[in-house]
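A short write-up of the structure that comes next.
Each chain gets a letter, A, B and so on, in the order the sequences are listed, and its residues count up from 1. Reckoned from all heavy atoms, side chains included, excluding hydrogens, waters and symmetry mates.
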Number of protein chains: 2
Amino acid sequence: MSLPHAILGLLLDRPMTGYDLKLLFDKELNSFWPAQMSQIYRELGNLEAKEWVDSRIEVQESRPDRKVYSITGVGKQVFQEWMNRFPKSLISPCRDEFALRVFLGGRSARDEMQFQLRRFIREKQSEVATFTLLEKNYETMAKKNTDQAMYRRMTMRRSNIVAEALILWAEDCLEELEKKA
Amino acid sequence: MSLPHAILGLLLDRPMTGYDLKLLFDKELNSFWPAQMSQIYRELGNLEAKEWVDSRIEVQESRPDRKVYSITGVGKQVFQEWMNRFPKSLISPCRDEFALRVFLGGRSARDEMQFQLRRFIREKQSEVATFTLLEKNYETMAKKNTDQAMYRRMTMRRSNIVAEALILWAEDCLEELEKKA
DNA sequence: ATTTAATATATGCATAGTATAATAATGAAT
DNA sequence: ATTCATTATTATACTATGCATATATTAAAT
């Protein structure tokens with residue numbers, strides 16, 4: 001139920017096409033709210049039908065025309081209402097296949113689990129590198145003292161510390177498995 | 001695509017009803033693979049149609065009859081194949097509404113965000129308490145030196161350290177907001 | 001007296017998410 | 001020469017998930 005509100009929140013900054021939004025989602029929201037192209041375009045259609053956004057066509061010569069979406073007055077209201085009403089529980093369900101595989105890991109060979117844990121660490125390390133860059137970007141922006149940059153930096157920090165905690169966890173697991181061998 | 005394999009993996013331990021499975025999911029898998037009743041029963045139906053599990057009815061007098069599912073030979077093979085083939089990426093997409101709300105937090109009043117961060121910390125602390133209990137249970141079981149208990153303890157540890165990292169993060173955010181006020 | 005909790009299974013509907021491809025033009029790389 | 005990458009939108013089909021509800025019985029709690 002949050003994708004429409006995420007899109008409304010992003011359109012508050014500036015009018016954007018579905019393509020623009022997809023780039024933003026991939027770059028900055030991916031670690032806590034990934035969205036597919038098809039989802040974004042469908043949702044923009046829904047939002048326009050509800051008149052929470054409207055659109056104008058920008059003609060281009062060499063490229064397909066751009067359909068630029070803007071948030072409407074009603075859209076702003078709907079977004080603000082959502083922002084003011086937090087859910088009863090702040091814990092979101094999360095499905096993590098790697099965690100499931102570790103849980104069921106007794107059915108796998110130990111050296112296979114060690115191999116996969118090392119792979120997991122490498123993937124998380126590359127995440128940390130990405131998050132750190134984004135965090136620094138927002139740090140620079142935050143010097144202008146806007147709350148927005150501060151909150152976005154906090155979110156990147158969140159993704160970062162979770163990834164770092166998982167690296168430490170995986171390293172602990174590896175150590176235990178190596179001790180057993 | 002992992003729910004069927006999660007169920008197969010759990011049925012390797014012992015035959016279970018849909019109800020038994022739901023209790024197990026809620027108690028031990030909830031933090032990394034939550035599942036609804038309706039999902040479990042539907043999936044058991046699918047698995048039985050594929051003959052990866054079979055079932056027998058246990059008649060009860062005072063309660064509705066139990067339909068006890070067991071994993072078949074084919075089911076064991078399918079599970080083992082899944083266990084041996086890890087996905088290309090070990091990072092699962094995760095949607096977290098609270099993180100999204102912080103990201104969009106510039107549109108909210110600071111004291112509201114502080115209130116919600118405090119609420120978030122309390123919820124995470126209660127998670128930590130739950131995970132710690134489960135972790136200790138598995139620690140006791142792990143003394144019998146079975147790999148299964150070790151891996152399950154590792155998974156609980158994972159949920160625990162993520163929750164603890166998020167508490168520290170939220171406390172940092174709170175501090176920064178308080179400094180600004 | 002009535003509601004709620006626990007045990008037990010199952011279905012229907014709506015929402016959400018994934019996968020893929022069609023269409024269209026350009027420029028860069030192989 | 002052909003494939004791939006980028007910019008840009010849309011459609012379709014499929015899978016997964018969530019929420020509510022129906023059925024049935026017993027026992028405990030209000």
task: Kindly state which residues belonging to residues 37-46 of chain B come within less than 4.0 angstrom of DNA chain D, counting heavy atoms of the residue only, listed by number.
output: B:Ser38, B:Gln39, B:Arg42
task: Check side-chain hydrogen bond (donor to acceptor under 3.5 Å, both in side chains) between B:Arg56 and all other residues, then give those that pass, not counting sequence neighbours.
output: B:Glu58
task: Strictly below 4.0 Å, heavy-atom distances to any atom of DNA chain D: list the hits from residues 81-96 of chain B, or just say none.
output: none
query: What's in the same ILVMFWY side-chain cluster as B:Ile57, cut-off under 4.5 Å, chained through other members?
result: none
- line: When rounded to whole Å, the CG to C1' distance for the pair B:Asp26 and C:dT7 reads 14 Å
message: Less than 3.5 Å apart, any donor N or O on the side chain of A:Glu112 or B:Asn84 sitting next to an acceptor on the other?
response: no
- request: List, by chain and then residue number, the residues other than B:Tyr41 in its hydrophobic cluster (Ile/Leu/Val/Met/Phe/Trp/Tyr, side-chain heavy atoms under 4.5 Å); write none if there are no others.
  value: B:Tyr19, B:Leu23, B:Met37
statement: B:Val162 meets the side-chain contact (heavy atoms from CB on, under 4.5 Å) criterion, sequence neighbours left out, with A:Val162, A:Leu166, B:Leu166
Sequence-distant partners of B:Glu48, side-chain contact (heavy atoms from CB on, under 4.5 Å), two or more places apart: B:Val53, B:Ser55, B:Lys67, B:Tyr69
message: Can you measure B:Gln36 atom CD to C:dA14 atom C1' for me and round it to whole angstrom units?
response: 14 Å
statement: Sorted by chain and number, sequence neighbours left out, side-chain contact (heavy atoms from CB on, under 4.5 Å) with B:Lys88 holds for none
field: Ring-face cation of A:Arg101 near B:Phe86 (centre distance under 6.0 Å, axis angle within 45°)
entry: yes
- prompt: If you draw a 6.0 Å radius around CD in A:Gln80, do more than 12 non-hydrogen atoms from other residues or ligands fall strictly inside?
  reply: yes
Contacts of type side-chain hydrogen bond (donor to acceptor under 3.5 Å, both in side chains), residue B:Glu164, not counting sequence neighbours: none
message: Does anything in residues 10-25 of chain B come within less than 4.0 Å of DNA chain C? Heavy atoms only, and list the residues if so.
response: B:Thr17, B:Gly18, B:Tyr19
query: Does the ring centre of B:Phe98 sit less than 6.0 Å away from the ring centre of B:Phe120?
result: yes
- prompt: Taking any atom under 4.0 angstrom from a heavy atom of chain B, which nucleotides of DNA chain D are the first and last to qualify, 5' to 3'?
  reply: D:dA16 to D:dT26
- prompt: B:Glu123 side chain to A:Leu90 main-chain N or O, any donor-acceptor pair under 3.5 Å?
  reply: yes
message: Going by the rule side-chain contact (heavy atoms from CB on, under 4.5 Å), which residues pair with A:Ser38 if we only count those two or more places apart in sequence or in a different chain?
response: A:Gln36
